[in-house]
Structures are given as C-alpha cells and as structure tokens.
S.K.: 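First the structure, then my questions, so here it is.
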Amino acid sequence: MIPKTPVKKRAMRVTIAGLILLVVAYGLFAYSMPLPVLAPTVVLDTSASQSTNNFPWPANVTSEAALSVNNAGVLAVHGGQTALPTASTAKIMTALAILDQRPLHIGEQGPEITISAADVAAYQADLAAGDSVVPVVAGEQLSEYQALEALLLPSADNVADILANWAFGSASGYVTFVNNYALSLGMHDSYFSDASGLSSQTISTAADLVTLSSVAMTNPVFTQIVSLPKANLPVAGTVSNVNTLIGQHNIIGIKTGNTPQAGGCYVVASSETLDNMPVSIVGAIIGAKDLGAALAQGESLVQQAEKVISVSTIVHAGQVVGEYPTPWSGTYKAVAAQGIELATWAGEKPQYKVSLFSSKIPISNGSTVGKVSVILGQSEFSTYAISGQRFEAPSFWWRLTHPRL
C-alpha cells in the first residue's frame, strides 16, 4: 500500500511555490519599472551681477568715454553717454559700410574709382572751407584700398563723400544704409547724417563708438589700414596718419576727429599679449576740449588698461558646477569640461550661467550633461558641463526594494 502525502505537506508546498512565483513576479514588475531620471541642482553661484562702472579711469579722462576688452562689448563707461557730434570718427562707419558693400581681402586693391570733375569741385570747396582733404584731379583713379587709406589716415572729408557716392549711389543712399546698420549693431544713441562727420547732426556716444569700432577692428583690411603710419596716393603723394600715437603703448588704431562743434574725439585700439592670451582694447573719448586733449586722454586710457587688466581663470577645468542627487548612490557631480580664462580688471564681476540636462542613467564618465557660460559685457564664453564620473544605475536589489522610484 502506497503511503499518501499528508494534506498539510501538499498545502505547504503549494504555498511556497506560490510565494516564489509571487516574489519572481514582483521582482519582474520592479525591474520593469523605468529607471529614474536624475534632476540636477546648480551649485555654481549664478547670482553675481556684473559691474560696468568700476574701471579706475585715469584722472585726466574728464570727457565722455567707454572701454571694451577682447570684443566683450562695452565693459566700462565714463560720463553721461549723451549723444554728441562725432567729427571724423564717423569715418569708421564710412569705412565699415564700404567694406560691407565692397568687401576686400588682405592684399587686394579692389576696383578703381575714377575721379570726376564734380569730385574736383567738391575738393576745392572743402579746401576753401578749411576742411581736411587730399588733392584729387579729374580722371585720376584711386583703388578702393587707396581711397580707404585717404579716408582713414589723413582723414579726407572729400574722399568720404566720393566713397559714399561710389558705393551707395548718393549721399541719401549712404545715410539710409548706415543708420539701419547702426541699429543692427545696437547703436541706439547714434545718427549719421553724412559720411565725413563734418555735420553736427552726425552724433554718437562713446559707448556706441566702442561698439562700432570693436566690429570694425574684426575686419583685417580695416585693421591693416588704420595701423599704417603713412601711405602713398597717386596725386596726393605721401600722406600721414593723423593718429600720431600709432606704435606707442601697443596702439594699432583707430581714428581721430576734431571740429568746432565736436571738440576733440579719439577712438583708440591697442593689442598686446598677457599670459599667452592676446588682449585687445578699444576705447573712445568724445567731446574733449580739443584734439590734443582727446589724444592725451586716449593715451592715458590705454596705459591704465595695460596696468590693471590681467588674465584670470574664471572657471577651472573640473570645477563642480552642478549635482545630481540619487537615493541609491549619493550625489553625482557635473563639472566644467575646460577652463574659461578672461582678461578683466580687479572688481569686474562676470555673470555665470549653468544649464544642466535632466539625465537618464547610466551615464558614462565624461558625457555632456549641459553647458557652463561666463557672461562679460555683451559676450558669452562657454564650455561643456560633463559628468565627473559614471552615473550608475541602481542595483537590482535596490530596485526590488524601491519599485516605485
């Protein structure tokens, strides 16, 4: 006779099997739940406000002035920034507009401009009025490059009008173009009524002139011409740069201006290397007593900038910029992929901006998880934010015990 399994033992086996199946089903359910998405927290202080008026202006800078470093936009201003007559610093806009419409590359002379009888008559009228001119004769041909030399070095008012008519068909066509162009650059306090700057209705601020000149100095042909101490023209012969500070204190440009209505104006640019970083400075003086005063103030401005500006590491490579907290492995770090170095002066406060992604896991070490930016003036300098280590997924056991997380 075969012994029968007790009913209690069979029930126990069924219960154990059921429990095993239940545990397996629960484990499969827990493991099938989607992995959590990590939400970041920014830890780099982004609350700092940028200072724009703490530059230590030289004592002799008494006129309206502005300063930019490395094309970061206007970083410091002096005075009320009231729109004033620009005198011949308006020729910076003239040259930039010409190069916009008729681009040149380094080494190119560009098309020829034939001098007309009307151009000669205008030259004679300007000469009689005591304006800044270069002599021209009917039938003379100036290349575009030579005309720009005449415009920017001896500051020829007559050539400003010749170029405007040549490139835009008329003085009114030029005026319409350059005022729209000025607005596109953010020069909201400027108006250009002529190409030479003789008109007292051609007005700007030091800040707007710095904005304009920073753009102009990115054009290699413009930069090459304004750095020349002299040039040779077909009829005028050798002409000299009225910017007599060229070559001093690393000065490489840009343009002077002087009329009874404007007083003295000077836009100055310098270039040097600090701690292996090229550092460019653009400053503007407007509304000085006379040209001599404007040149002296511009010279002092450049000298002061060279003394106080230094290269600083604003964000270090590997610096922690954010965190991804997890309930299973502590906190993962987001770090800057590369350092950000800027040329600034003591007390200048850049603003930080950090954008981090909510990230699915796992994430390998060095993966991009966002962006780190430093904002200085109107410029933004950025590097990637990356994972500082591998962001691990939770273990099976952790997921089994936390099925809803």
Side-chain angles (χ1 to χ4, degrees), residues 48-87 89 92 186-190 203-217 243-246 248-258 262-272 274 277 279-312 314 342-351 375-379:
S49 61
Q50 177 185 321
S51 171
T52 58
N53 282 301
N54 65 344
F55 182 77
W57 295 96
N60 73 328
V61 175
T62 56
S63 305
E64 190 174 300
L67 175 69
S68 176
V69 180
N70 281 1
N71 280 336
V74 177
L75 298 183
V77 295
H78 184 275
Q81 301 305 301
T82 302
L84 300 171
T86 68
T89 58
I92 299 167
M187 299 172 62
H188 298 292
D189 296 316
S190 299
I203 57 174
S204 190
T205 62
D208 273 7
L209 288 176
V210 163
T211 296
L212 172 67
S213 301
S214 297
V215 174
M217 291 299 285
N243 183 1
T244 55
L245 294 177
I246 288 293
Q248 302 179 43
H249 314 297
N250 301 307
I251 291 174
I252 59 171
I254 302 178
K255 191 73 192 73
T256 62
N258 183 35
C265 304
Y266 184 34
V267 181
V268 60
S270 70
S271 179
E272 62 177 322
L274 295 175
M277 174 186 284
V279 175
S280 62
I281 296 165
V282 175
I285 305 291
I286 189 170
K289 178 180 67 174
D290 52 34
L291 180 56
L295 285 166
Q297 292 182 46
E299 182 179 23
S300 295
L301 173 56
V302 168
Q303 289 178 297
Q304 179 78 326
E306 289 177 344
K307 288 178 184 176
V308 303
I309 290 173
S310 61
V311 175
S312 303
I314 309 300
L342 295 179
T344 60
W345 56 87
E348 183 66 5
K349 299 175 183 177
Q351 185 177 4
I375 302 169
L376 191 64
Q378 286 83 50
S379 295

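Remember, it's a predicted structure, so these values are computed and weren't measured experimentally.
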S.K.: Run the numbers on Ile254 and Met217 for side chain to side chain contact (heavy atoms under 4.5 Å, CB included), then give the verdict.
M.R.: CA-CA 8 Å; Ile254 302 178; Met217 291 299 285; 3.6 Å; yes
S.K.: Testing the basics here: between Ala269 and Val282, what is the closest heavy-atom pair and its distance to 0.1 Å?
M.R.: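 Reported closest heavy-atom pair: CB-CG2, 4.2 Å.
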S.K.: Do Pro58 and Gln297 have side chains that approach each other closer than 4.5 Å (heavy atoms only, starting at C-beta)?
M.R.: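 No, their side chains stay 4.5 Å or more apart.
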S.K.: Measure the OG-CE distance between Ser310 and Met277 for me, rounded to the nearest 0.5 Å.
M.R.: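 Rounded to the nearest 0.5 Å, the OG-CE separation comes out at 10.5 Å.
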S.K.: Using modelled atom types only, decide if a donor and an acceptor are shared between the side chain of Thr205 and the backbone of Asp208 within a distance under 3.5 Å.
M.R.: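 Between the backbone of Asp208 and the side chain of Thr205 there is a qualifying donor-acceptor contact (under 3.5 Å).
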S.K.: Okay, side chain of Thr211, backbone of Ala207: is any donor-acceptor separation there less than 3.5 Å?
M.R.: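 Indeed, once roles are kept as given, a pair shorter than 3.5 Å links the two residues.
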S.K.: Under a 3.5 Å cutoff, is there a donor and acceptor pairing between the side chains of His249 and Glu299?
M.R.: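 Checked: His249/Glu299 side chains pair up, N/O donor to acceptor below 3.5 Å.
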S.K.: Within a strict 4.5 Å, meaning less than it, do heavy atoms of the Ile281 and Ile309 side chains meet?
M.R.: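 The answer is yes, as the side chains (C-beta and beyond) meet within the 4.5 Å cut-off.
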S.K.: First locate atom CG of Leu209, then atom OG of Ser204, and finally report the distance between them rounded to the nearest 0.5 Å.
M.R.: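 Rounded to the nearest 0.5 Å, the CG-OG separation comes to 4.0 Å.
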S.K.: Looking only at heavy atoms, which two atoms of Leu376 and Ala343 are closest? And how far apart?
M.R.: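 Nearest heavy atoms, Leu376 then Ala343: CD2-O, 4.3 Å.
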S.K.: So which atom in Ala65 and which in Ile285 form the shortest heavy-atom distance, rounded to 0.1 Å?
M.R.: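 In terms of heavy atoms, the two residues are closest at CB-CD1, 3.7 Å.
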S.K.: Below 4.5 Å, heavy atoms only, C-beta onward: do Val74 and Ser68 meet side chain to side chain?
M.R.: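 No, too far: nothing below the 4.5 Å cut-off.
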S.K.: Short question: side chain of Asp290, backbone of Gly264 - any donor-acceptor pair under 3.5 Å?
M.R.: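 Not confirmed, Asp290 side chain does not pair with Gly264 backbone.
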S.K.: Is it the case that Thr82 and Glu64 place a side-chain donor and acceptor less than 3.5 Å from each other?
M.R.: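 Side-chain D/A pair, Thr82 to Glu64: absent.
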S.K.: Should Thr244 and Leu295 count as side-chain neighbours, where that means a heavy-atom distance under 4.5 Å?
M.R.: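 The answer is yes; the side chains approach within 4.5 Å.
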S.K.: Would you please say whether a donor-acceptor pair under 3.5 Å links the side chains of Glu306 and Asn250?
M.R.: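 Note: Glu306 and Asn250 side chains meet the donor-acceptor criterion.
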S.K.: Under 4.5 Å between any side-chain heavy atoms of Val311 and Leu342, yes or no?
M.R.: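 In short, these two side chains do not touch, never coming nearer than 4.5 Å.
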S.K.: Might you point out which heavy atoms bring Ala83 and Ile203 nearest each other, and give the distance in Å?
M.R.: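 Result for this residue pair: CB-CD1, 3.8 Å.
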S.K.: Supply the atom-to-atom distance Ile286 CD1 to Tyr266 OH, rounded to the nearest 0.5 angstrom.
M.R.: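 Taking CD1 in Ile286 and OH in Tyr266, the distance rounds to 15.0 Å.
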S.K.: Could you walk me through whether Ser300 and Asn60 satisfy the side-chain hydrogen bond (donor to acceptor under 3.5 Å, both in side chains) test, starting with their C-alpha distance in whole Å, then the side-chain angles of each, then the deciding distance to 0.1 Å, before giving a yes or no?
M.R.: CA-CA 8 Å; Ser300 295; Asn60 73 328; 3.1 Å; yes
S.K.: So, do Thr256 and Leu291 sit near enough that their side-chain heavy atoms are less than 4.5 Å apart?
M.R.: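 Thr256 vs Leu291: side chains touch.
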S.K.: How long is the gap from CD1 on Ile314 to NZ on Lys349, to the nearest 0.5 Å?
M.R.: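 Interatomic distance, Ile314 CD1 to Lys349 NZ, rounded to 0.5 Å: 13.0 Å.
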S.K.: Taking all atoms of both residues into account, what is the closest heavy-atom pair of Pro56 and Trp345, and its distance?
M.R.: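 That closest heavy-atom pairing would be CD-CD1, 4.4 Å.
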S.K.: Looking only at heavy atoms, what is the nearest atom pair of Gly283 and Val210, with distance?
M.R.: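 Heavy atoms of Gly283 and Val210 come nearest at C-CG2, 4.0 Å.
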S.K.: Between Val69 and Val279, is the side chain to side chain contact (heavy atoms under 4.5 Å, CB included) condition met? List the steps.
M.R.: CA-CA 7 Å; Val69 180; Val279 175; 4.0 Å; yes
S.K.: Between Ile246 and Ile252, is there a side-chain heavy-atom distance shorter than 4.5 Å?
M.R.: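 A side-chain contact is absent here, since even the closest heavy-atom pair is not under 4.5 Å.
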S.K.: Could you check if a side-chain atom of Ile251 sits within less than 4.5 angstrom of a side-chain atom of Val268, using non-hydrogen atoms only?
M.R.: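 Heavy-atom side-chain distance check passes, below 4.5 Å.
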S.K.: Side chain of His78, backbone of Val61: donor and acceptor closer than 3.5 Å?
M.R.: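 Yes, His78 side chain to Val61 backbone: donor-acceptor pair under 3.5 Å.
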